[in-house]
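To keep things clear, I will list the structure first and then write my remarks on it.
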Protein chains: 2
Amino acid sequence: MPGQKAPENQRKEQILQAAFKVASSEGLDKLTVRRVAANAGLSNGLVFFHFKSKDALLVALLDWLLEGTIATRIRPEIASLPSAKERLLAIVRHEISRLPDKRQQVELFFSFWAMGTRHPQVRHKIQERLEHYRAMFRPLAAEILAQDPATLPGISAESLSAMVVAIIEGCAMQVTMAPEHFDVEAFIASTERLFGIRVPGLELYI
Amino acid sequence: MPGQKAPENQRKEQILQAAFKVASSEGLDKLTVRRVAANAGLSNGLVFFHFKSKDALLVALLDWLLEGTIATRIRPEIASLPSAKERLLAIVRHEISRLPDKRQQVELFFSFWAMGTRHPQVRHKIQERLEHYRAMFRPLAAEILAQDPATLPGISAESLSAMVVAIIEGCAMQVTMAPEHFDVEAFIASTERLFGIRVPGLELYI
DNA sequence: ACACTTATTGACTCTGTGATCAACAAGGGA
DNA sequence: TCCCTTGTTGATCACAGAGTCAATAAGTGT
């Protein structure tokens with residue numbers, strides 16, 4: 001006996017939340033349509049009605065995850081900082097410091113990353129986001145490089161953005177793998193020192 | 001009708017190689033005991049005879065992968081370089097430049113990494129290797145920091161090693177996800193510039 | 001020759017999964 | 001009131017997977 005109809009597309013959101021719950025608590029490999037449906041208190045058939053297949057559900061979950069997890073623009077309080085270097089490092093600090101709180105999301109993101117190596121659609125979505133993420137840093141990197149072209153000769157804004165992203169992602173990997181043995185604050189401090197900030201009289205690099 | 005007996009533990013190696021072939025060509029999630037057995041030209045029962053369970057097979061595969069993939073010691077030609085900074089950067093260059101060739105291994109490694117978030121044994125093995133990897137850089141980092149304590153105040157060899165590992169892993173992630181859009185050479189160059197080498201007269205940092 | 005341990009096979013069981021579908025409920029318009 | 005579209009259910013199907021097991025072959029010691 002069918003239950004109540006839900007208004008609009010609340011059902012999709014409800015199912016996606018259940019899917020996230022399952023994936024983040026049991027792992028993406030243990031996610032099944034039945035488990036998601038049970039977690040949402042719905043029948044499995046309904047999941048196939050709203051998302052045509054399990055694969056489509058996973059892709060939708062990835063969208064849902066990226067939407068709510070990856071930074072997509074520079075926050076106003078950071079955008080108002082005077083120098084490009086400060087802005088870039090403020091973003092890095094912000095991105096890294098929130099990693100421990102966003103651990104479930106980050107873990108699931110890595111699962112999708114692994115999945116993406118064999119799944120063209122997932123791969124494409126992650127590539128897009130990665131590119132978007134790098135693009136957020138590129139103007140800052142360009143400004144930094146333009147201010148003093150002599151210090152980092154032959155380096156493009158592109159590769160400097162890639163470096164920043166690598167540092168953030170690499171930190172994320174280590175945090176997810178060994179959160180108890182990884183000192184996030186020290187890591188942030190190292191990044192800032194390496195990029196030459198807060199060391200009076202030594203601000204030569206970048 | 002049982003087939004020929006294989007000498008010693010050649011069978012285990014044979015099965016592990018088949019497992020790697022399956023995992024790297026179809027993805028770790030598509031790895032089944034049957035597929036591995038078929039790929040090795042053996043019966044599925046034999047896989048369970050040599051490895052007690054699929055789980056144990058996966059753990060053995062991880063060992064096999066780590067054994068042959070992750071650098072575990074500093075190569076002699078690098079160890080003979082005069083300065084600690086040069087040695088560290090030579091390792092980084094070596095590690096990054098071989099990423100495109102080791103892409104299958106790296107992809108599989110990331111799959112295990114994702115698996116490790118829910119699998120204590122896998123997690124532990126990866127943690128160990130990660131720590132071992134960091135430990136390889138630590139003496140170099142310590143030496144670099146000791147040579148000029150003023151330039152990078154308050155930074156530990158530990159966090160500097162973590163930074164180096166983050167850069168390598170973060171680069172690996174981007175290479176696996178978008179190998180055609182990622183300029184490995186430019187990335188290596190950026191790393192070297194950032195760490196202040198090959199820029200005559202500007203070798204202040206690190 | 002004979003027993004005994006170790007490999008090896010493939011059929012078999014049991015469980016769970018993705019997907020389908022007929023049935024049925026709810027609401028909205030004509 | 002009567003359709004007709006949209007939701008919703010749970011039974012059902014076909015199938016694949018992990019793991020078991022009796023049977024059997026190949027060595028190994030005696």
Side-chain angles (χ1 to χ4, degrees), chain A residues 1-62 111-112 115 118-122, chain B residues 1-62 111-112 115 118-122:
Chain A
M1 50 207 74
Q4 291 262 312
K5 274 193 178 185
E8 293 292 325
N9 41 14
Q10 277 191 9
R11 275 278 183 266
K12 282 201 172 189
E13 179 64 19
Q14 179 188 1
I15 293 172
L16 286 173
Q17 281 181 13
F20 175 72
K21 242 163 111 178
V22 170
S24 62
S25 68
E26 314 235 5
L28 191 58
D29 52 326
K30 302 273 187 255
L31 182 146
T32 69
V33 173
R34 289 167 143 76
R35 259 198 267 267
V36 171
N39 194 292
L42 303 170
S43 69
N44 55 339
L46 195 58
V47 176
F48 283 98
F49 177 79
H50 285 289
F51 304 87
K52 284 187 294 193
S53 64
K54 180 191 177 181
D55 193 74
L57 172 63
L58 287 180
V59 172
L61 177 60
L62 174 57
S111 293
F112 274 115
M115 183 180 166
R118 299 284 147 204
H119 193 301
Q121 208 181 347
V122 169
Chain B
M1 49 206 76
Q4 292 261 311
K5 273 193 177 184
E8 293 292 324
N9 40 15
Q10 278 192 9
R11 275 278 183 266
K12 283 199 171 189
E13 179 63 21
Q14 179 188 2
I15 292 171
L16 285 173
Q17 282 181 12
F20 174 72
K21 241 162 111 179
V22 171
S24 62
S25 68
E26 314 237 4
L28 191 58
D29 53 327
K30 301 274 187 254
L31 183 146
T32 69
V33 173
R34 291 169 140 73
R35 259 198 266 265
V36 171
N39 194 292
L42 302 170
S43 68
N44 56 337
L46 195 57
V47 177
F48 284 98
F49 178 80
H50 285 289
F51 306 86
K52 285 187 294 194
S53 64
K54 179 190 177 181
D55 193 74
L57 172 64
L58 286 180
V59 172
L61 176 60
L62 175 58
S111 294
F112 274 114
M115 182 180 166
R118 299 283 145 204
H119 193 302
Q121 208 180 346
V122 168

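In what follows, chains are A, B, ... by sequence order, proteins preceding strands, each numbered from 1. Atoms considered below: every heavy atom in the structure, side chains included; atoms not considered: hydrogens, waters and symmetry mates.
Relative to the side chain of A:R11, the nucleotides C:dA19, D:dT8, D:dA18 differ in distance, and D:dT8 lies closest. The side chain of A:S43 sits closest to D:dG10 out of C:dT8, D:dG10, C:dA11. Considering only side-chain atoms of A:L46, the nucleotide from D:dT9, D:dG19, C:dA19 that sits closest is D:dT9. Across C:dG18, D:dG19, C:dT8, the shortest atom-to-atom separation from the side chain of B:H50 is found for C:dT8.
Partners of A:Q17 by side-chain hydrogen bond (donor to acceptor under 3.5 Å, both in side chains), not counting sequence neighbours, listed by chain and number: A:E13.
Side-chain atoms of A:K54 and A:V36, non-hydrogen and from C-beta on, never get closer than 4.5 Å to each other. A heavy-atom distance below 4.5 Å is found between the side chains of A:L61 and A:F112.
Other residues, nucleotides and ligands contribute at most 12 non-hydrogen atoms within 6.0 Å of the NZ atom of A:K21.
For the pair A:K54 and B:F49, both in contact range of DNA chain C, the more 5′-proximal nearest nucleotide belongs to B:F49.
Interatomic distance, B:L58 CG to B:Q121 CD, rounded to the nearest 0.5 Å: 10.5 Å. With rounding to the nearest 0.5 Å, the separation of CG in A:L16 from NE2 in A:H50 is 11.0 Å.
Contacts between residues 24-38 of chain B and DNA chain D, defined by a heavy-atom separation under 4.0 Å, are made by B:T32, B:V33, B:R34, B:R35.
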